Amino acid sequence: MALKATIYKTELAIADMTRHYYQTHNLTLAQHPSETIERMMLRLVAFALCAHERLQFGKGISEDSEPDLWQHDYSGDIDLWIELGLPEDKLLRRASHRAKQGMVLAYGGTVVDKWWKDCNKVANELSNLTVVAISADESQALAALCQRTMQLQCTIQEGQLWFADSTHSVALNPRILKMSQPALFTLE
């Protein structure tokens, strides 16, 4: 018998001072049986960074042909393709060619630097690709906020993301490894 996804409900209030984006999103996250809490929570980080009314969670980890998050325009074309982790060159190219903008949210500690060294040449050839890294300490601290039903606030200002629930807060300092042209977002 196959294991089923664990469902998490999240009310995410986003205050992005840089983009002047202020919205509350009611989200349903399906945690794949092989997905860690840390990775699932990083999907919320990617959502907050690129928040939009049409941004949706894809099948990602369970389906090779879909990203972790994506956004379609009204005609069905892909505006944004977001991958988490340390994707291979082939996936970077696919994201870049199938969507107007692509983003990788890299995580995993010291292996991120090795991965970036290995894929830097390919990534820099893709002008519409943004690559952002989150430190292992920060992503693990974020995972500690996880509950089956969450009410989270995310404030984005001056290069930092603050996630908070009613009792705890976590600061994230994303490291931009590469920014697309035109820029997908700013963290200034």
Side-chain angles (χ1 to χ4, degrees), residues 5-8 10 12 14 16 25 27-52 54-72 78-120 122-123 126 128-146 150 152 154 156 160-161 163 170-180 184-185 187:
T6 304
I7 304 301
Y8 291 81
T10 305
L12 179 62
I14 301 170
D16 186 337
H25 296 269
L27 305 170
T28 300
L29 291 112
Q31 181 193 13
H32 188 272
S34 67
E35 183 178 37
T36 64
I37 295 288
E38 177 183 18
R39 185 179 190 283
M40 186 190 71
M41 293 299 285
L42 285 169
R43 287 195 283 142
L44 284 177
V45 171
F47 189 94
L49 281 172
C50 302
H52 190 277
R54 291 189 313 271
L55 184 61
Q56 300 175 346
F57 294 104
K59 293 183 181 172
I61 202 168
S62 63
E63 179 65 45
D64 287 343
S65 64
E66 283 191 23
D68 293 298
L69 292 96
W70 56 359
Q71 177 182 319
H72 293 82
I78 303 170
D79 281 335
L80 178 59
W81 180 294
I82 301 174
E83 291 288 341
L84 269 67
L86 309 172
E88 297 176 358
D89 295 352
K90 178 180 163 185
L91 190 54
L92 294 177
R93 283 190 178 95
R94 181 179 357 167
S96 180
H97 295 321
R98 289 195 56 199
K100 293 175 188 158
Q101 294 268 329
M103 182 177 123
V104 173
L105 185 66
Y107 70 97
T110 58
V111 296
V112 171
D113 292 331
K114 182 187 180 325
W115 168 80
W116 181 240
K117 183 180 174 193
D118 293 343
C119 77
N120 190 340
V122 170
L126 307 171
N128 64 338
L129 181 68
T130 296
V131 181
V132 179
I134 302 291
S135 78
D137 291 341
E138 292 173 347
S139 63
Q140 290 165 6
L142 182 66
L145 292 179
C146 185
M150 296 178 270
L152 298 173
C154 176
I156 302 172
Q160 285 191 320
L161 283 82
F163 278 84
V170 174
L172 304 176
N173 295 289
R175 185 170 46 120
I176 307 241
L177 302 176
K178 179 189 180 299
M179 184 56 76
S180 64
L184 182 57
F185 54 80
L187 288 173

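Both backbone and side-chain heavy atoms feed into the values below; hydrogens, waters and symmetry mates do not. When a residue number appears, it is its place in the shown sequence, counting from 1. Everything quoted here is computed from the prediction, not taken from an experiment.
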Find out whether [X] and [Y] are in side-chain contact, i.e. whether some heavy atom of one side chain is under 4.5 Å from a heavy atom of the other.
X: Cys50; Y: Leu69; value: no
X: Leu44; Y: Tyr8; value: no
X: Met103; Y: Leu49; value: yes

Could I get the full list of side chain to side chain donor-acceptor pair (under 3.5 Å) partners for [X], not counting sequence neighbours?
X: Thr110; answer: none
X: Asn173; answer: Glu138, Gln160
X: Gln71; answer: none
X: Lys100; answer: Asp73, Asp79

Minimum heavy-atom separation for [X] and [Y], please, with both atom names.
X: Thr36; Y: Arg39; answer: OG1-N, 3.1 Å
X: Leu42; Y: Leu105; answer: O-CD2, 3.3 Å
X: Cys146; Y: Met41; answer: CB-SD, 3.8 Å
X: Gly108; Y: Val112; answer: N-CG2, 3.7 Å
X: Ala48; Y: Cys154; answer: CB-SG, 3.7 Å
X: Pro174; Y: Val132; answer: CB-CG1, 3.5 Å

Would you say the side-chain atoms of [X] pair up with the backbone N or O of [Y], donor to acceptor, closer than 3.5 Å?
X: Thr130; Y: Ser180; answer: yes
X: His25; Y: Leu27; answer: no
X: Asp68; Y: Leu84; answer: yes

From [X] atom [atom1] to [Y] atom [atom2], the distance as rounded to the nearest 0.5 Å:
X: Leu29; Y: Met150; atom1: CG; atom2: CE; result: 6.0 Å
X: Ile37; Y: Leu145; atom1: CD1; atom2: CG; result: 11.5 Å
X: Gln101; Y: Ile82; atom1: CD; atom2: CD1; result: 10.0 Å
X: Lys178; Y: Cys119; atom1: NZ; atom2: SG; result: 10.5 Å
X: Glu83; Y: Glu66; atom1: CD; atom2: CD; result: 10.5 Å
X: Arg175; Y: Asp113; atom1: CZ; atom2: CG; result: 4.5 Å

What is the ring orientation for Phe47 with Phe57, classed by angle as parallel under 30°, tilted 30 to 60°, or perpendicular over 60°? parallel
Of all residues at least two apart in sequence or in a different chain, which pass the side chain to side chain contact (heavy atoms under 4.5 Å, CB included) check with Asp16? Ile14, Thr18, Arg19, Tyr21, Ile156
Those residues that, when tested against Ile78, pass side chain to side chain contact (heavy atoms under 4.5 Å, CB included) (two or more places apart): Trp70, His72, Trp81, Arg98, Ala99
Please assess Asp118 against Lys114 for the test salt bridge (charged side-chain N to carboxylate O under 4.0 Å, His left out), listing each intermediate value before the final yes or no. CA-CA 6 Å; Asp118 293 343; Lys114 182 187 180 325; 2.9 Å; yes
For Val45 and Tyr107, run side-chain contact (heavy atoms from CB on, under 4.5 Å): C-alpha distance rounded to whole Å, both residues' side-chain angles, the deciding distance at 0.1 Å, then the answer. CA-CA 12 Å; Val45 171; Tyr107 70 97; over 6 Å; no
